[in-house]
Protein chains: 2
Amino acid sequence: MVGEILGREVRVTIDDVARAAGVSRQTVSRAMNGKGEISAATRRRVLATIEELDYRPSVFARGMRTQRGGTLGLILSDIANPFFPAVARGVFDAAAARGSSVVVHNTDAHAGRESAAARDVLERGADGVIGFFEALADEDLTEVHRRLPLVVADRRAPEPGVASVSSDFATGTRLAVEHLHARGHRRLGMLDGAVGVDHVRRHAFTDAAAPGSPVVTGPPTLTGGAAAADQLLAEHPAVTALFAFNDLMAVGAVRALRERGRRVPEDCAVVGYDDLTLAADLDPPLTTVHTDKYELGRTLVEVLDDVVRARRDGSAPGVAPHRLLPATLVVRRSG
Amino acid sequence: MVGEILGREVRVTIDDVARAAGVSRQTVSRAMNGKGEISAATRRRVLATIEELDYRPSVFARGMRTQRGGTLGLILSDIANPFFPAVARGVFDAAAARGSSVVVHNTDAHAGRESAAARDVLERGADGVIGFFEALADEDLTEVHRRLPLVVADRRAPEPGVASVSSDFATGTRLAVEHLHARGHRRLGMLDGAVGVDHVRRHAFTDAAAPGSPVVTGPPTLTGGAAAADQLLAEHPAVTALFAFNDLMAVGAVRALRERGRRVPEDCAVVGYDDLTLAADLDPPLTTVHTDKYELGRTLVEVLDDVVRARRDGSAPGVAPHRLLPATLVVRRSG
DNA sequence: CTGAAAGCGCTAACAG
DNA sequence: CTGTTAGCGCTTTCAG
């Protein structure tokens with residue numbers, strides 16, 4: 001087998017290619033990286049030789065010079081929340097298309113883990129980072145941005161120079177509240193996720209719902225939603241509709257409601273956010289705000305690419321791209 | 001800020017540490033890697049200096065010598081299937097505990113993507129790979145194993161020397177079938193996932209169910225399950241219970257059944273496999289086979305560690321560890 | 001127990 | 001358009 005002796009791998013190096021193609025190493029480098037001038041004929045020949053020898057440049061040797069490892073960091077808070085895998089799929093596909101691998105870090109929305117993840121990604125010479133940062137302060141984001149192309153996901157950028165992509169939470173939340181009002185609900189409550197620094201959903205809820213509408217905060221998980229719903233209903237028994245930070249909390253709320261003998265939606269309506277794949281198959285089918293999560297993932301990589309390119313071509317520290325993905329309401333049975 | 005000048009990072013190198021500590025670079029290397037003899041006092045002093053200067057060895061320079069990058073590859077077929085994130089969480093946590101980062105590859109069970117992923121992981125100098133390989137042939141797995149510590153997940157190892165961890169599919173499947181029999185069902189059908197080469201679940205089903213029980217194959221997804229159920233029921237209308245390859249197919253089957261006006265479980269029972277987080281909240285709550293997915297993830301990393309260690313300490317090419325995780329039936333309403 | 005020398009495979013900068 | 005020179009930061013010999 002090529003490049004192998006007695007079961008022990010022997011690296012095919014750039015020198016082997018150079019020798020075989022009858023050129024210098026530099027020319028081989030140029031041929032594969034498309035940098036510098038090189039005649040079409042030479043390049044073709046070199047590329048053919050590369051193919052033939054099955055040469056793969058060493059990530060390490062290259063990284064040593066360039067400080068770039070052809071990876072891309074994806075930092076998120078909870079891979080077990082189906083929202084993130086849906087986004088990740090878009091990220092993986094887009095990353096694969098641009099030839100990058102993705103290193104994923106799960107932070108549990110813990111500030112220490114978030115900065116450790118960022119640092120790790122940095123040290124590995126990632127081309128850039130996509131971050132769902134929930135706990136890190138704005139200054140820290142800015143610091144990450146200074147060192148590495150960064151795209152902030154589902155959160156306001158800490159400063160205009162930092163790119164961001166997120167669901168249009170304000171619209172989505174407003175849609176949910178208006179729908180509940182249209183259904184005749186007058187006393188709404190919100191189950192907010194105890195993460196992030198933006199609180200866009202909460203503010204939008206507060207704006208759209210009647211003054212003084214209660215908001216209870218908890219972890220953005222099933223059990224967090226159940227506990228928050230319990231607390232909210234205990235303190236505000238007159239509430240007839242709940243808007244949850246995300247679908248997981250919404251499902252937790254449904255569980256809690258039923259355990260208290262409340263029917264959903266008859267006694268209390270529930271609306272979620274995210275529109276997880278299984279939302280339509282739940283009992284009751286979940287009314288929720290939909291955002292295209294795969295598209296979010298793809299967009300994140302696309303924007304990151306813009307940032308990388310901008311930085312390479314003379315780092316014009318102007319206003320970075322900020323994209324808002326449409327949010328629409330999907331009415332099912334729960335609210 | 002340390003190591004920074006005018007917003008431009010300046011690497012703290014091993015030489016800086018050596019100089020500051022008044023030793024040579026090798027001594028620094030020894031101090032951090034615990035290799036070679038070194039006096040406790042020197043080591044302490046060097047370690048303190050490292051701390052003080054916030055020195056982080058370059059992944060690339062180190063990788064260049066060692067061919068190892070401190071990462072770990074996780075290759076899976078569909079991150080959007082909640083089964084995988086649940087496992088991934090265990091993998092991430094265990095990897096973090098051992099100081100590794102995880103690069104994740106999504107393959108869609110496509111042979112080309114699976115081998116590309118393996119190759120990529122290899123080139124990045126991963127310490128090892130955890131692979132849910134669905135499409136790759138046994139020889140290819142063996143080849144991967146020859147080059148890199150490998151643990152095969154949810155699949156029989158291609159040879160005794162390759163480690164594996166998987167759910168006890170045989171028992172889980174038997175439990176499901178027996179339960180259906182106990183409920184009085186006589187005509188069972190199976191919705192098999194069109195992936196993998198093992199077909200443990202299918203064989204176990206064929207063994208446990210009545211001879212000639214129909215099996216229809218499709219992609220292990222929601223729509224795959226729906227289509228498979230449609231086909232199976234069209235060809236075998238007398239079937240009163242369906243055992244699905246996984247929960248996603250089971251949910252798809254429920255959808256299809258209802259669209260044909262069949263009630264679940266009254267007209268046709270459905271049993272899944274995996275016990276996804278939301279299984280209990282579905283309509284109807286899904287009867288399914290449970291395996292501890294987080295534990296699977298943790299175990300995978302643990303076994304990988306054993307393999308790595310074994311290979312380092314003189315590669316005794318004996319019988320690698322093979323672990324089977326318990327599978328239990330969770331009876332809910334769907335079957 | 002510690003230091004000096006050598007080189008991993010690659011690309012940037014400069015010649016030609 | 002192509003080749004030569006010079007390291008990147010680290011670990012692995014091999015001396016001392």
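Everything quoted here is computed from the prediction, not taken from an experiment. So that the names make sense, note that chain A is the first sequence line, chain B the second, and so on, each numbered from 1.
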Novice: How would you summarise protein contacts on nucleotides 6-16 of chain D per nucleotide, using B for base, S for sugar-phosphate only and - for none, with heavy-atom distances below 4.0 Å?
Specialist: BBBBBBB----
Novice: Is there a side-chain polar atom (N or O) of B/S24 under 4.0 Å from OP1 or OP2 of C/dT2?
Specialist: no
Novice: If only side-chain N and O atoms of B/S39 are considered, is one of them under 4.0 Å from the OP1 or OP2 phosphate oxygen of C/dT2?
Specialist: yes
Novice: What residues, two or more places apart in sequence or in another chain, satisfy salt bridge (charged side-chain N to carboxylate O under 4.0 Å, His left out) together with B/R113?
Specialist: A/D93, B/D108
Novice: Residues two or more places apart in sequence or in another chain: which of them pass side-chain hydrogen bond (donor to acceptor under 3.5 Å, both in side chains) with B/E123?
Specialist: A/R56
Novice: Between C/dT2 and B/T42, is there an OP1 or OP2 to side-chain N/O distance shorter than 4.0 Å?
Specialist: yes
Novice: Rounded off to whole Å, could you give me the CZ-to-P distance for the B/R45 and C/dC1 pair?
Specialist: 15 Å
Novice: Filter on salt bridge (Lys or Arg N to Asp or Glu O under 4.0 Å), then keep only pairs touching residues 57-81 of chain A, sequence neighbours left out; what's left?
Specialist: A/D78-B/R89
Novice: Hey, is A/R19 close enough to A/D15 for a salt bridge, meaning N to O under 4.0 Å?
Specialist: no
Novice: Does any pair with a residue in residues 98-107 of chain B pass salt bridge (Lys or Arg N to Asp or Glu O under 4.0 Å), and if so which ones, sequence neighbours excluded?
Specialist: B/R98-B/D127, B/R98-B/D305
Novice: Which pairs pass side chain to side chain donor-acceptor pair (under 3.5 Å) with one or both residues in residues 151-166 of chain B, sequence neighbours excluded?
Specialist: B/D138-B/R155, B/R156-B/D198, B/S164-B/H322
Novice: Please report the distance, rounded to the nearest Å, between CZ in B/R68 and P in C/dC8.
Specialist: 18 Å
